[in-house]
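Values reported hereafter were calculated over all heavy atoms of this structure, with side chains retained and with hydrogens, waters and symmetry mates removed.
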Amino acid sequence: MAVPTETVYGLAADASQDQAVAKVFQTKGRPFGHPLIVHVPDPHWLAYWSYQISPYAWPLIDAFWPGPLTL
């Protein structure tokens, strides 16, 4: 699916679906060593998508989410 971003249109897929994510890599010609961004709706989802969250990240999360913060 194509979605508008602040600067361009981006390709999106359900990050929990391996086949959908593989199609994004294939369509973009993106090397598999270059990870994609996963957007999460709130901090509670971090444990699902991350192995470890740095303790330094939590003050930033509290201060800037929702908003333009990439971890």
State, to 0.1 Å, how close [X] and [Y] come at their nearest heavy-atom pair, and which atoms those are.
| X | Y | answer |
| --- | --- | --- |
| Thr27 | Leu11 | CG2-CD1, 3.7 Å |
| Trp65 | Pro43 | CE3-CG, 3.8 Å |
| Phe25 | Pro31 | CE2-O, 3.3 Å |
| Ala13 | Val21 | CB-N, 4.3 Å |

Does OH in Tyr48 sit with more than 12 non-hydrogen atoms of other residues, nucleotides or ligands closer than 6.0 Å?
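12 or below, so no.
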Is the number of heavy atoms from other residues, nucleotides or ligands within 6.0 Å of CG (Asp42) greater than 12?
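Yes - once you tally the heavy atoms of other residues, nucleotides and ligands closer than 6.0 Å, there are more than 12.
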Open item on the list: Could you tell me if the side chain of Leu46 sits less than 4.5 Å from the side chain of Trp58, heavy atoms only?
Closed with: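 With C-beta onward as the side chain, the pair touches.
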* **In one Ile/Leu/Val/Met/Phe/Trp/Tyr side-chain cluster, 4.5 Å: Ile37, Val24** =>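 Each belongs to a different hydrophobic cluster.
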Trp45 and Leu36: same hydrophobic cluster, using ILVMFWY side-chain contacts below 4.5 Å?
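No; Leu36 is not reachable from Trp45 via cluster members.
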How long is the gap from CD on Gln26 to CD on Gln19, to the nearest 0.5 Å?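 These two atoms lie 10.0 Å from each other.
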